[in-house]
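In what follows, a single structure is set out as structure tokens and then discussed.
Keep in mind that the numbers below use all heavy atoms, side chains included, and drop hydrogens, waters and symmetry copies. Residue numbers begin at 1 in each chain, while the letters A, B, ... track the order of the sequences.
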There are 2 protein chains.
Amino acid sequence: MSIPPISDPRRTLTLRDVSEASGVSEMTVSRVLRNRGDVSDSTRERVLEAARRLGYVPNKIAGALASQRVNLVAVIIPSMSNMVFPEVMTGISDTLEDTGLQPVVGITNYSPDREESVLYEMLSWRPSGVIIAGLEHTEAARAMMAQAGIPIVEIMDIDGTPVDSAVGISHRRAGRKMAEAIIAAGYRNIAFLGTMMPYDHRARKRLEGFEEALAKAGLSLVDREFYSGGSALLKGREMTEAVLTRSPQVDFLYYSNDMIGAGGLLYCLHKGINVPSQIGLAGFNGVELLDGLPRKLATMDACRHEIGRRAAAIIAGKAQGGVIGGEIIELSPTLQPGDTIRN
Amino acid sequence: MSIPPISDPRRTLTLRDVSEASGVSEMTVSRVLRNRGDVSDSTRERVLEAARRLGYVPNKIAGALASQRVNLVAVIIPSMSNMVFPEVMTGISDTLEDTGLQPVVGITNYSPDREESVLYEMLSWRPSGVIIAGLEHTEAARAMMAQAGIPIVEIMDIDGTPVDSAVGISHRRAGRKMAEAIIAAGYRNIAFLGTMMPYDHRARKRLEGFEEALAKAGLSLVDREFYSGGSALLKGREMTEAVLTRSPQVDFLYYSNDMIGAGGLLYCLHKGINVPSQIGLAGFNGVELLDGLPRKLATMDACRHEIGRRAAAIIAGKAQGGVIGGEIIELSPTLQPGDTIRN
DNA sequence: ATCGGCTATGTTAGCGGTAACGGTCCTTGG
DNA sequence: CCAAGGACCGTTACCGCTAACATAGCCGAT
């Protein structure tokens with residue numbers, strides 16, 4: 001096939017094309033497109049016109065290499081399909097919006113090895129910062145983050161030792177708090193229903209805190225049930241049925257997340273169980289999506305939006321030459337009693 | 001502060017560091033780390049050992065610039081918090097998994113301008129392909145995609161003209177099909193409840209197809225109600241109440257998505273309305289999450305997972321020097337009658 | 001007129017890798 | 001014994017852009 005010397009539609013454009021089209025040096029074009037340095041209004045116009053006409057899209061790869069600056073922030077989270085991380089993302093995006101920084105998401109599916117490789121992949125693009133869920137990582141992952149020379153913020157959880165900064169809540173404390181509220185309401189035969197995922201450390205810590213508080217009151221879990229995969233609503237329903245059949249004396253069901261809690265609630269209502277006097281229920285997360293349920297599920301807000309905002313703010317602050325030291329921000333989840341715990 | 005000549009913990013490592021540490025040229029290190037070209041086992045070992053010991057993370061920016069190859073696929077979608085795109089993403093990830101390609105997500109919030117700027121931003125990183133939701137884009141966005149010289153796949157919808165390839169369903173046909181099923185079931189006083197978003201073209205097309213089929217049967221919508229923002233479940237509840245109060249004669253409620261449909265279903269059941277004999281309901285998307293509802297909502301599967309897989313397959317195929325021409329793949333959504341349409 | 005001191009632009013030298021090609025050895029067959 | 005070829009590794013020249021420095025006008029002050 002022929003190779004037209006100029007304006008081959010297939011060849012991707014470079015600064016040189018724009019510079020030739022507008023009769024100035026590449027450097028001047030670069031200055032115009034980045035709004036940096038002094039350029040006269042007349043040449044600025046000429047350059048912009050040429051760039052627009054040609055449909056030039058700058059090559060950030062070259063730009064980043066030359067300037068040693070990348071406007072990306074790596075965000076590494078376990079999942080995107082469970083209502084909790086999308087909201088964290090919203091907080092991050094909102095805050096990053098007007099900083100020139102851009103989030104790039106990586107998903108780990110709660111696998112430490114996958115997390116390590118996603119982190120490696122993202123670091124190889126030399127982002128300006130990393131926001132990563134949780135405090136538990138492989139040793140190699142921790143080493144990479146410590147070495148990277150960029151701000152690192154571990155989010156969601158503060159029960160542990162962060163590599164650099166951390167923003168989150170104490171899930172252990174959250175579990176305790178919920179247990180105390182339940183006990184105070186007079187419930188005594190309490191069951192736990194949650195995920196089986198061995199790497200969901202936050203759910204695990206909540207359960208630990210929960211059992212700790214029960215123990216302090218001389219109680220212990222009457223029953224427990226775990227699941228993995230499938231429709232959360234349906235699983236909640238099935239697990240609830242299993243528990244209530246197996247342990248009819250149960251008077252409270254503590255779920256590790258709102259979604260299965262909602263399934264349980266629907267099951268109880270369907271069975272004509274009196275909620276909350278006969279049986280009480282509570283979930284975790286404060287998922288707004290579920291506000292339309294027949295009865296409002298008791299839950300605990302995980303400050304997801306706020307966590308995203310604060311984490312992004314830390315990255316943004318440090319990226320523009322802020323301090324080095326890591327900071328730990330603990331947020332306080334609030335109990336939302338809803339209609340499923342008797343007052 | 002002092003500037004140690006070597007092994008400054010702050011300086012980021014380069015190939016040169018690894019090459020010096022292992023006594024071979026940078027080129028050989030590069031070959032080892034990419035598994036390309038011949039390298040003896042003994043040097044390979046030495047290099048890998050050195051890289052590991054130093055904690056070297058390759059710089060893909062430099063690599064991409066030199067090789068003119070980037071293993072990223074831009075995925076541009078309107079939202080991540082509505083159950084539909086996470087599943088598309090899963091399909092994309094699954095298929096890209098073993099191709100060496102990596103998805104990078106950008107969110108537009110249903111704003112054409114935002115879509116344009118996200119696209120520009122992503123193209124400036126010179127991805128190997130673009131997967132973008134919908135067929136409606138700004139003129140500039142279309143121009144950019146046409147110029148980019150990489151495979152473009154527009155997903156979800158095929159009612160229109162794609163820039164390059166397209167994978168999706170016909171939402172107009174989906175709307176028609178649902179209307180026909182509803183009419184066949186004997187319902188005659190039908191109302192529509194949906195989103196107000198002017199840029200949700202797919203919901204719009206479904207409604208158009210729906211009304212088209214109604215018209216063909218000599219019917220027209222008895223009532224309609226729109227919402228925006230808020231908890232979908234709750235909105236579905238509120239809208240349903242509004243419609244049933246305003247138009248008591250209604251015997252069928254067609255929702256633009258499953259989530260508000262679920263809210264409506266819960267409302268009807270709560271009010272003691274006999275579903276589906278007194279009032280029928282249907283949604284759209286086939287959201288598995290909702291399987292645990294007291295009654296299974298009639299819906300239409302949007303082939304989300306399959307769309308993701310096929311789109312990714314097209315990109316993967318073309319990225320390794322496949323053909324140039326665009327292809328259009330139409331998938332067929334299947335009606336899931338559930339328990340909310342009388343047989 | 002001469003000399004700073006601006007402003008507006010150009011020039012040079014990389015950024016950290018990789019493609020392409022070149023050069024050693026060492027083996028092997030004629 | 002030598003040519004040919006493969007295995008292994010190094011050298012050179014960029015990729016497209018930007019930091020840093022140079023340069024050319026042009027102004028007002030001396």
Side chain of [X] only, heavy atoms from C-beta on: which candidate in [options] is closest?
X	options	answer
Ala62(B)	dG16(C), dA20(D), dC9(D)	dG16(C)
Thr14(A)	dC8(D), dC17(D), dT18(C)	dC17(D)
Leu65(B)	dG10(D), dC17(D), dG16(C)	dG16(C)
Val24(A)	dG10(C), dG17(C), dT18(C)	dG10(C)
Ala66(A)	dC15(C), dT11(C), dG17(C)	dC15(C)
Asp38(A)	dA8(C), dT9(C), dA19(C)	dA8(C)

Using only side-chain N and O atoms of [X], determine if any of them is under 4.0 Å from OP1 or OP2 of [N].
X	N	answer
Arg34(B)	dT18(C)	yes
Thr28(B)	dG10(D)	yes
Arg126(B)	dG16(D)	no
Ser30(A)	dT18(D)	yes
Tyr56(B)	dG17(C)	yes
Gln68(B)	dC14(D)	no
Arg16(B)	dG17(C)	no
Thr43(A)	dA8(C)	no
Ser67(A)	dT18(D)	no

Value in whole Å for how far the [atom2] atom of [N] lies from [atom1] of [X]:
X	N	atom1	atom2	value
Arg31(A)	dA8(C)	CZ	C1'	8 Å
Ile61(A)	dT18(C)	CD1	P	13 Å
Lys60(B)	dG16(D)	NZ	P	20 Å
Glu26(B)	dA19(C)	CD	C1'	15 Å
Asp41(A)	dT7(C)	CG	P	14 Å

Keeping the roles fixed (side chain from [X], backbone from [Y]), state whether a donor-acceptor pair exists under 3.5 Å.
X	Y	answer
Glu115(B)	His137(B)	no
Ser128(A)	Val70(A)	yes
Ser30(B)	Glu26(B)	no
Asn109(B)	Ser111(B)	no
Asp17(A)	Thr14(A)	yes

Practice task
Assign each of Leu15(A) and Gly23(B) to its nearest nucleotide of DNA chain D by heavy atoms, then name whichever residue's nucleotide is nearer the 5' end.
Solution key: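 Nearest-nucleotide comparison on DNA chain D picks Gly23(B).
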